[in-house]
Colleague: 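Supplied in structure tokens, the structure appears directly below.
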Amino acid sequence: MSYSSDEDDKPLVFKRTSTADKLKHSSQQKAAPTVKQEKPSTKPAPKPKSDSEDSEDDKPLSARILTAPKGNSNHTKTGPPTSSSQRPKPPVKAKVKDEDSDDEKPLSSKITSKSSAGASINKHDDSDDDKPLSSRVKQNGSASRDNQIKKPSVGVNKRPPNEERSSGQSLVKKPKLSDSSTPINRKPAPAKPEADTDDENDHVPISQRIKNQTPSSSKSSSVKQKALKAKSSIFKKTNQKSKKVVKNSKYSKPSKVPPGSGEGQKWTSLSHNGVIFPPPYKPHGVKILYKGKPVELTPEQEEVATMFAVMLDTDYMTKPVFKENFWNDWRKILGRNHTIQNLEDCDFKPIYDWHQAEKEKKKQMSTEEKKALKEEKMKVEEKYMWAVVDGVKEKVGNFRVEPPGLFRGRGEHPKMGKLKTRIQPSDITINIGKGEPIPECPIPGQSWKEVRHDNTVTWLAYWNDPINGKDFKYVFLAASSALKGQSDKEKYEKARALKKHIEGIRKAYTRDFGNKDLTKRQVAVATYLIDKLALRAGNEKDDDEADTVGCCTLKVENCEPVPPNILKFDFLGKDSIRYQNEVEVELPVFKAIQQFRTGKKGSDDLFDKLDTSTLNAHLKELMPGLTAKVFRTYNASITLDDMLNKGMKGESVAENVVVYNQANKQVAIICNHQRSVSKTHGLQMTRLNEKIDELKALIEELETDLARAKKGKPPLKGSDGKAKRNLNPEAIRKKIDQTNAKIEKMERDKETKEDLKTIALGTSKINYLDPRITVAWCKRSEVPIEKIFNKSLLAKFAWSMDVDPSFRF
DNA sequence: GTGTATACTTAGTAATTATTTC
DNA sequence: GAAATAATTACTAAGTATACAC
């Protein structure tokens with residue numbers, strides 16, 4: 001891209017304060033990244049803004065969020081307890097307008113389909129495109145299937161699992177009313193969509209926006225030209241590498257019935273070999289001790305004891321709920337009159353030691369042995385790894401049935417430690433094309449629970465979760481499959497569509513902060529928080545799940561107003577990851593929150609008139625297909641796009657990768673994507689420091705040598721006492737430079753490592769960042785795409801590889 | 001209007017594999 | 001070539017969203 005002078009020197013919006021400030025750790029608490037951004041010192045006290053102040057609605061979240069001065073955001077897994085009880089609230093059914101019209105083409109049809117090298121990594125030649133589908137079996141993720149998804153002539157029933165079906169005809173269902181095919185030029189929704197170049201036209205005041213760099217639109221043509229030049233060389237390599245990457249020209253074609261939408265037919269033909277089961281339990285005969293004495297166990301009893309024993313070194317052992325649940329399930333298997341009468345007197349150490357020894361043995365195997373073992377496994381599994389969908393060979397994602405074990409719920413899950421029983425073929429429902437051979441049941445004498453032929457769904461098999469009987473575990477195609485790719489693309493197209501509505505939406509909710517109708521006021525504030533803080537929607541949860549919340553389920557105690565206009569958030573979100581943030585908000589929001597809290601207990605719902613159905617129903621009125629989660633995708637992607645195009649440009653590929661990772665990091669912070677600090681982090685840092693010190697000592701030594709060399713004297717003996725080679729001053733200088741460079745690199749590595757120790761970059765890359773932003777930027781910046789996407793991501797995002805270099809989210 | 005079933009995406013972490021360092 | 005470290009993949013839990021029965 002061209003980095004025009006007006007943008008070159010603009011700093012990134014996100015500046016971190018010191019890592020130490022932001023990431024607090026304790027032995028119990030998992031440190032977290034902050035969601036807070038530094039506030040420009042000139043920022044005046046919040047006040048209702050005039051229209052003219054707002055020109056940034058379309059800007060990425062990073063550019064809009066401002067938090068309170070002391071707003072460190074620590075997110076830990078073991079955060080403060082949220083309210084003890086979360087009574088499920090009845091969801092309100094969304095009223096959905098029928099917006100389904102084909103009047104507009106999806107963006108995909110507008111993007112030039114280039115058959116860049118990336119687009120033609122198919123195993124098969126294009127030449128067979130015109131053959132009947134059934135005769136063309138392509139491998140994994142061929143984009144050429146894109147337009148083969150058929151719109152059903154009749155709506156299809158999506159209800160099923162427990163219903164008997166005589167395949168086919170009972171699949172009739174009413175078509176969904178909402179259209180999620182994400183056209184970008186839809187009919188205007190009530191909140192009027194704005195033109196694409198609406199950056200300056202936003203009159204909705206959202207306080208705490210940092211003055212932002214407007215992504216230049218005028219430069220696009222020159223960008224295009226430069227980028228086009230850059231493109232070919234960079235992408236050839238990529239594409240040759242990943243054979244399974246798909247041909248994109250066809251992918252870009254709009255499909256009439258989007259698979260991801262839950263509507264209509266997903267495939268015409270589907271064949272696969274079912275699932276593979278874990279091997280039966282092999283008893284080891286190692287005895288646990290009960291009151292110090294070895295106890296004989298049956299294989300079944302021993303199996304469950306082993307599940308517990310191998311977890312002796314995990315944190316679960318510190319959780320009474322885990323132990324109690326385990327004991328309750330194990331004692332049933334032991335039987336009433338068993339010698340073992342309580343868990344406290346059991347010593348599982350012998351089995352633990354045995355298991356450690358087994359692990360060690362495995363580790364000590366020679367490379368050849370390991371290889372042979374792997375090959376054997378591959379041989380057995382190969383047939384389960386693939387499915388053929390509409391004539392295209394696609395990878396199956398999770399073809400292995402989950403083995404039995406103890407349930408490892410996250411956070412304070414009430415069911416942790418319960419026995420996850422072994423899944424049998426009779427638990428499994430298979431979904432396969434009509435007329436295709438039914439997968440052979442791999443366990444002799446048993447049979448599948450049911451075989452369906454439902455082409456309105458994408459799952460190949462499912463079974464009921466033994467922990468929560470009403471939940472299902474599905475077997476789906478892999479992320480690299482065309483079906484998944486198509487739905488991924490639609491997700492991003494929907495998020496891009498939001499860009500055109502966001503101004504109106506922000507105006508609308510800002511207007512409603514003071515609405516007399518309490519429900520409307522709550523909807524407005526909730527939407528604001530979802531937009532501004534990228535909060536999740538917050539569905540209702542059952543009592544037998546971990547007590548976590550999202551926006552709609554926030555409790556009074558999770559959001560504390562601190563005058564004049566700061567909100568202190570502290571709650572456990574998905575996966576019991578703590579969200580802790582102090583945010584400066586607009587005064588009307590602040591007042592509304594105060595009002596919502598009035599007269600309530602800490603454990604009461606903050607938004608008592610609201611649930612996700614109400615909220616999403618409202619959002620759908622503003623934009624077809626809009627739901628709460630779209631805001632996360634939108635804000636993540638627009639942030640990346642903005643940051644990558646703000647004028648930051650590295651001199652080298654390596655520097656550009658750093659620029660990208662910085663942007664990626666900001667998105668991860670916005671989305672609160674965390675990881676736990678690795679066990680060896682401290683050690684690694686110590687080692688790095690030691691190495692740096694060593695190199696610094698070396699520099700000193702070299703400086704002395706240099707001084708001596710200049711005088712024609714030989715170098716002194718090294719620190720090891722050995723004599724050193726007599727080098728000329730020039731050679732010594734070179735050595736000093738090299739060493740300094742090494743030190744600099746290590747310092748950088750150290751900083752990055754510390755900086756990212758609790759931030760997970762991968763989650764946003766996989767789920768939230770439109771890959772076309774990345775691909776286009778790589779093309780413009782001459783960064784090989786493999787520097788950003790690994791093999792899996794290249795396969796997953798095959799559909800995005802032929803994007804035009806000028807693509808902007 | 002409410003409750004639940006269903007199907008799909010998103011998420012952190014454990015296990016495995018590749019690469020680097022000594 | 002072994003150990004350390006980094007990167008990747010596998011695994012499965014935990015979310016979101018919506019259709020539909022009652």
Colleague: Using the closest heavy atom to pick a nucleotide of DNA chain C for each, name whichever of A:Glu545 or A:Leu683 lands nearer the 5' end.
Modeller: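 The residue closer to the strand's 5' end, by nearest nucleotide, is A:Leu683.
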
Colleague: Under 4.0 Å from OP1 or OP2 of C:dT9: is there any side-chain N or O of A:Ser792 that close?
Modeller: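 Yes, within the criterion.
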
Colleague: Considering every strand and a 4.0 Å limit on heavy-atom distances, what is the contact class for A:Asn790: base, sugar-phosphate, or nothing?
Modeller: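 Sugar-phosphate: the residue A:Asn790, judged by heavy atoms under 4.0 Å, touches backbone atoms but no base.
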
Colleague: Provide, to the nearest angstrom, the distance between the NZ atom belonging to A:Lys791 and the P atom belonging to B:dA18.
Modeller: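 Computing the A:Lys791:NZ to B:dA18:P distance gives 8 Å.
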
Colleague: Within the pair A:His673 and B:dA11, is there a side-chain N or O less than 4.0 Å away from OP1 or OP2?
Modeller: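 Checking A:His673 against B:dA11: at least one side-chain N or O falls below 4.0 Å of OP1 or OP2.
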
Colleague: Between A:Lys574 and A:Lys362, name the one whose nearest nucleotide on DNA chain B is closer to the 5' end.
Modeller: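 The answer here is A:Lys574.
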
Colleague: Take A:Asp488 and A:Lys359, find for each the nucleotide of DNA chain B with the closest heavy atom, and name the residue whose nucleotide sits nearer the 5' end.
Modeller: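 Closest to the 5' end, via its nearest nucleotide, is A:Asp488.
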
Colleague: Would one find a side-chain N or O of A:Thr763 under 4.0 angstrom from OP1 or OP2 of B:dT10?
Modeller: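 No, A:Thr763 has no side-chain N/O under 4.0 Å of OP1/OP2 on B:dT10.
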
Colleague: Does A:Tyr768 place a side-chain N or O at less than 4.0 Å from the phosphate oxygens OP1/OP2 of B:dA11?
Modeller: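 Answer is yes, contact under 4.0 Å.
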
Colleague: Any side-chain N or O of A:Thr627 under 4.0 Å from OP1/OP2 of C:dT18?
Modeller: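 Checking C:dT18 against A:Thr627, no side-chain N or O comes under 4.0 Å of OP1 or OP2.
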
Colleague: Can you tell me how far P of C:dT12 sits from CG of A:Leu406, to the nearest Å?
Modeller: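 That distance rounds to 13 Å.
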
Colleague: Between C:dT12 atom C1' and A:Met311 atom CE, what is the distance in whole Å?
Modeller: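 Interatomic distance, CE of A:Met311 to C1' of C:dT12: 13 Å.
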
Colleague: Under 4.0 Å between a side-chain nitrogen and a carboxylate oxygen: does that hold for A:Glu394 and A:Lys484?
Modeller: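 No, A:Glu394 and A:Lys484 are not salt-bridged.
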
Colleague: Counting any heavy atom closer than 4.0 Å, what does A:Gly538 reach on the DNA or RNA strands: base, sugar-phosphate only, or nothing?
Modeller: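 Sugar-phosphate contact only - A:Gly538 comes under 4.0 Å of backbone atoms but never of a base.
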
Colleague: Is the phosphate of C:dA14 approached by A:Lys541 (side-chain N or O, under 4.0 Å from OP1 or OP2)?
Modeller: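 Answer is no, no contact under 4.0 Å.
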
Colleague: It should be established whether A:Thr548 places a side-chain nitrogen or oxygen under 4.0 Å from OP1 or OP2 of nucleotide C:dG15.
Modeller: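 Checking A:Thr548 against C:dG15: at least one side-chain N or O falls below 4.0 Å of OP1 or OP2.
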
Colleague: Tell me whether the OP1 or OP2 atom of B:dA11 has a side-chain N or O from A:Arg675 closer than 4.0 Å.
Modeller: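 No, no such contact exists.
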
Colleague: Would you mind checking if A:Lys470 and A:Asp542 are paired as a salt bridge, meaning a charged N to carboxylate O distance below 4.0 Å?
Modeller: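 A salt bridge is present here (some side-chain N lies under 4.0 Å from a carboxylate O).
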
Colleague: Output the rounded distance in Å from CE (A:Met378) to P (C:dT9).
Modeller: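 My rounded result for the distance is 13 Å.
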
Colleague: Hey, are A:Gln356 and A:Glu360 close enough side-chain-wise for a donor-acceptor pair under 3.5 Å?
Modeller: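 Absent: no donor and acceptor within the cut-off.
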
Colleague: Ring centroids only, cut at 6.0 angstrom: are A:His673 and A:Tyr768 within range, meaning strictly under it?
Modeller: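 Distance test on ring centres: under 6.0 Å, yes.
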
Colleague: Under 4.0 Å, counting only non-hydrogen atoms across every strand here, what does A:Phe476 touch: a base, just sugar-phosphate, or nothing?
Modeller: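 Base, at least one base atom sits under 4.0 Å.
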
Colleague: C:dT16, B:dC8, B:dA11: which one has an atom nearest the side-chain heavy atoms of A:Tyr474?
Modeller: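 So the side chain of A:Tyr474 is nearest to B:dC8.
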
Colleague: One thing to verify: whether A:Lys361 and A:Glu358 come together as a salt bridge, which I'm taking to mean a side-chain N less than 4.0 angstrom from a carboxylate O.
Modeller: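 Yes.
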
Colleague: Quiz question: by atom type and distance under 3.5 Å, do the side chains of A:Thr614 and A:Asp611 form a donor-acceptor pair?
Modeller: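 A:Thr614 vs A:Asp611: donor-acceptor pair found between side chains.
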
Colleague: Look at all strands and tell whether A:Lys753 reaches a base, only sugar-phosphate, or nothing, counting heavy atoms closer than 4.0 Å.
Modeller: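 Sugar-phosphate contact only - A:Lys753 comes under 4.0 Å of backbone atoms but never of a base.
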
Colleague: Base, sugar-phosphate, or nothing for A:Lys374, non-hydrogen atoms under 4.0 angstrom?
Modeller: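 Sugar-phosphate contact only - A:Lys374 comes under 4.0 Å of backbone atoms but never of a base.
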
Colleague: According to a strict under-4.0 Å criterion, is A:Arg400 in side-chain N/O contact with OP1 or OP2 of C:dC11?
Modeller: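 Looking at the OP1 and OP2 atoms of C:dC11, one of them is under 4.0 Å from a side-chain N or O of A:Arg400.
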
Colleague: On DNA chain C, nearest-nucleotide positions of A:Leu793 versus A:Ala537: which is more 5'?
Modeller: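 Taking each residue's closest nucleotide, the earlier one in sequence belongs to A:Leu793.
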
Colleague: Over all strands shown, is A:Gly762 touching base, sugar-phosphate only, or nothing at heavy-atom distances under 4.0 angstrom?
Modeller: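 Nothing, no nucleic acid heavy atom in range.
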
Colleague: Quick one: label A:Lys371 by what it contacts on the DNA or RNA (base, sugar-phosphate, nothing), any heavy atom closer than 4.0 Å.
Modeller: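 It contacts nothing in the nucleic acid.
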
Colleague: According to a strict under-4.0 Å criterion, is A:Ser487 in side-chain N/O contact with OP1 or OP2 of B:dT9?
Modeller: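 For B:dT9, OP1/OP2 do have a side-chain N/O of A:Ser487 under 4.0 Å.
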
Colleague: Under 4.0 Å between a side-chain N/O of A:Thr458 and OP1 or OP2 of B:dC8, yes or no?
Modeller: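 It does, given that an N or O in the side chain of A:Thr458 lies less than 4.0 Å from OP1 or OP2 of B:dC8.
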
Colleague: Would A:Asn635 and A:Asp531 count as having a side-chain donor-acceptor pair, cut-off 3.5 Å?
Modeller: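 There is such a pair (donor and acceptor under 3.5 Å, judged by atom type) between the side chains of A:Asn635 and A:Asp531.
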
Colleague: Would you mind telling me which of B:dC8, B:dA11, C:dA13 lies closest to the side-chain atoms of A:Trp459?
Modeller: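 The answer is B:dC8.
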
Colleague: Roughly how many Å is it from CD in A:Glu402 to C1' in B:dA14, rounded to a whole number?
Modeller: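 Rounded to the whole Å, the gap is 14 Å.
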
Colleague: If the cut-off is 4.0 Å, is A:Asn398 near the phosphate of C:dC11, judged by side-chain N/O to OP1 or OP2?
Modeller: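 No, outside the criterion.
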
Colleague: Which part of the nucleic acid does A:Gln684 contact within heavy-atom distance under 4.0 Å: base, sugar-phosphate only, or nothing?
Modeller: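 Answer is sugar-phosphate: A:Gln684 comes under 4.0 Å of backbone atoms only.
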
Colleague: If the plane angle is over 60° it's perpendicular, under 30° parallel, otherwise tilted; pick one for A:Phe571 and A:Tyr579.
Modeller: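 Taking A:Tyr579 first and then A:Phe571, their aromatic rings lie parallel (interplane angle under 30°).
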
Colleague: For A:Arg408 and C:dC11, what is the distance between atoms CZ and C1' respectively, to the nearest whole Å?
Modeller: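 Computing the A:Arg408:CZ to C:dC11:C1' distance gives 11 Å.
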
Colleague: At less than 4.0 Å, is any side-chain N or O atom of A:Lys266 found next to OP1 or OP2 of B:dC8? Yes or no.
Modeller: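 Affirmative; the distance criterion is met.
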
Colleague: B:dT21 P sits how many Å from A:Glu690 CD, rounded?
Modeller: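 Answer to the nearest Å: 16 Å.
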
Colleague: Rounded to the nearest angstrom, tell me the gap between atom NZ in A:Lys679 and atom P in C:dT5.
Modeller: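 About 15 Å, once rounded to whole Å.
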
Colleague: Counting just side-chain N and O atoms, does A:Lys363 come under 4.0 Å of either OP1 or OP2 of B:dT16?
Modeller: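 No, because none of the side-chain N or O atoms of A:Lys363 sits under 4.0 Å from OP1 or OP2 of B:dT16.
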
